[in-house]
S.K.: 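Here it is, the structure in full.
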Amino acid sequence: MKTVTLMISLLCVCASSSAAQLSEQQQFEKEAQVAIKEFASSLKTALLSAMQDGGPIEAVAVCNLIAPTLAAEMSKKHGMEIGRTSLKVRNPSNEADEWETSVMQQFETRLSSGEAIQSLAFSEKVDTDTGQQWRMMKAIPTDKVCLSCHGTKIAPPIQAKLDKYYPDDMATGFKLRDIRGAFTVSKEID
Ligand code: HEC
């Protein structure tokens with residue numbers, strides 16, 4: 001009888017702590033989604049206004065300057081690291097780490113097995129050298145507007161600009177609705 005009671009109470013403890021962890025994860029996901037949404041929309045606004053002002057050739061220079069600045073601003077504002085990465089990066093400083101690479105590979109598998117690109121997201125608690133972090137990624141689809149700089153046929157003057165800023169560019173050859181990359185967020189757990 002005693003053992004049964006002990007087992008039941010142990011079960012309860014386990015169940016309630018996993019429920020607490022779930023809500024902690026949901027809380028992180030909610031915060032991360034807010035940060036991603038704001039980062040995505042400010043990037044899009046900056047890109048579209050640069051394209052309107054000076055066309056895609058000028059917009060390359062704007063992306064080069066603005067994308068890293070916006071990422072830093074958003075990270076500070078939301079109290080978590082936020083950025084963009086890809087399996088094929090343009091800027092080597094956006095290169096994916098091991099965890100990010102494996103999450104994006106899973107996104108590719110999920111996409112080929114029929115999942116909608118908009119719903120490709122993943123979060124997890126991860127051990128680091130110094131403690132633990134919550135991490136989350138969300139796939140970034142390739143829209144029509146992206147193709148002039150990331151597509152299969154890049155106009156020579158744009159290509160020349162890309163070569164100048166990004167001699168190791170891998171981020172071309174994408175097609176409409178391919179996964180261009182992903183937003184990536186991490187937050188230290190105290
Ligand atoms: C005017 C050219 C241009 C257009 C249009 C453009 N990009 Fe980019 N993209 C760039 C440049 C330049 C960078 C490198 C920015 C940097 O230095 O951080 C970049 C970087 C990225 C990155 C970060 C990972 C990496 O490869 O370094 C992602 C993700 C990305 N672009 C997605 C998109 C998506 C999605 C669209 C369409 C909505 C788009 N881009 C449209 C020029 C462009």
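For the single chain, residues carry numbers from 1 onward in sequence order. Order of appearance sets the numbers: ligands from 1, and atoms from 1 within every ligand. Everything numeric in this text was worked out from a predicted model, so none of it was measured.
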S.K.: Are Asn91 and Tyr165 linked by a side-chain donor-acceptor pair shorter than 3.5 Å?
M.R.: no

S.K.: Any idea which part of Tyr165 is under 4.0 Å from ligand 1, heavy-atom wise: side chain, backbone, both or neither?
M.R.: neither

S.K.: Does ligand 1 come near enough to Thr85 that some N or O of the ligand is less than 3.5 Å from an N or O of the residue?
M.R.: no

S.K.: Taking all atoms of both residues into account, what is the closest heavy-atom pair of Cys63 and Pro68, and its distance?
M.R.: O-CD, 3.7 Å

S.K.: Measure the distance from atom 15 (C) of ligand 1 to every protein heavy atom, then report the residue, atom name and distance (to 0.1 Å) of the closest one.
M.R.: Tyr166 OH, 3.5 Å

S.K.: Any nitrogen or oxygen of Lys44 lying under 3.5 Å from a nitrogen or oxygen in ligand 1? Just yes or no.
M.R.: no

S.K.: Evaluate Ser86 for polar contact with ligand 1, using N/O atom pairs at a separation under 3.5 Å.
M.R.: no

S.K.: If we count only N and O atoms by modelled type, under 3.5 Å, do the side chains of Thr184 and Arg84 hold a donor and an acceptor together?
M.R.: no

S.K.: Using the test side chain to side chain contact (heavy atoms under 4.5 Å, CB included), find all partners of Gln133 that sit at least two apart in sequence or belong to another chain.
M.R.: Thr128, Arg135, Ser186, Glu188

S.K.: Under 4.0 Å from a heavy atom of Ala59: give me the atoms of ligand 1 that qualify, with their elements.
M.R.: 1 (C)

S.K.: Report yes or no: does Thr142 have a heavy atom closer than 4.0 Å to ligand 1?
M.R.: no

S.K.: How far is atom 5 (C) of ligand 1 from its nearest protein heavy atom, and which residue and atom name does that atom have?
M.R.: Val145 O, 3.3 Å

S.K.: May I ask you to check if Lys88 and Phe174 form a cation-pi contact, with NZ or CZ under 6.0 angstrom from the six-membered ring centre and within 45° of the axis?
M.R.: yes

S.K.: Might you point out which heavy atoms bring Ile158 and Cys149 nearest each other, and give the distance in Å?
M.R.: CG2-SG, 4.1 Å

S.K.: Looking at every heavy atom in both Ala96 and Thr101, which two are closest together, and how far apart are they?
M.R.: CB-OG1, 3.5 Å

S.K.: Is Asp169 salt-bridged to Lys164, going by a charged N under 4.0 Å from an acidic O?
M.R.: no

S.K.: Which ligand 1 atoms are under 4.0 Å away from a heavy-atom of Pro56?
M.R.: 1 (C)

S.K.: Can you figure out which of Asn94, Asn91, Leu162, Asp169 has its heavy atom closest to atom 23 (C) of ligand 1?
M.R.: Asn94

S.K.: Consider side chain to side chain donor-acceptor pair (under 3.5 Å). Of Glu24, Gln25, Glu29, which one does Trp134 pass it with?
M.R.: Glu24

S.K.: Looking at Ile140, which atoms of ligand 1 are within less than 4.0 Å of one of its heavy atoms?
M.R.: 29 (C), 35 (C)

S.K.: For atom 28 (C) of ligand 1, find the nearest protein heavy atom and state the residue, atom name and distance (0.1 Å precision).
M.R.: Arg84 NH1, 3.3 Å

S.K.: With rounding to the nearest 0.5 angstrom, report the CE to OG distance, Met137 to Ser102.
M.R.: 9.0 Å

S.K.: Among Glu73, Lys77, Glu38, Met74, find the one that has a side-chain contact (heavy atoms from CB on, under 4.5 Å) with Ile82.
M.R.: Met74

S.K.: For atom CD of Glu124, decide whether the heavy atoms of other residues, nucleotides or ligands shown that lie under 6.0 angstrom number more than 12.
M.R.: yes

S.K.: Need the ligand 1 atom indices (1-based, order shown) with element for anything under 4.0 Å from a heavy-atom of Pro141.
M.R.: 35 (C)

S.K.: Everything protein-side that's N, O or S and under 2.8 Å from atom 8 (Fe) of ligand 1: list it, residue and atom.
M.R.: His150 NE2

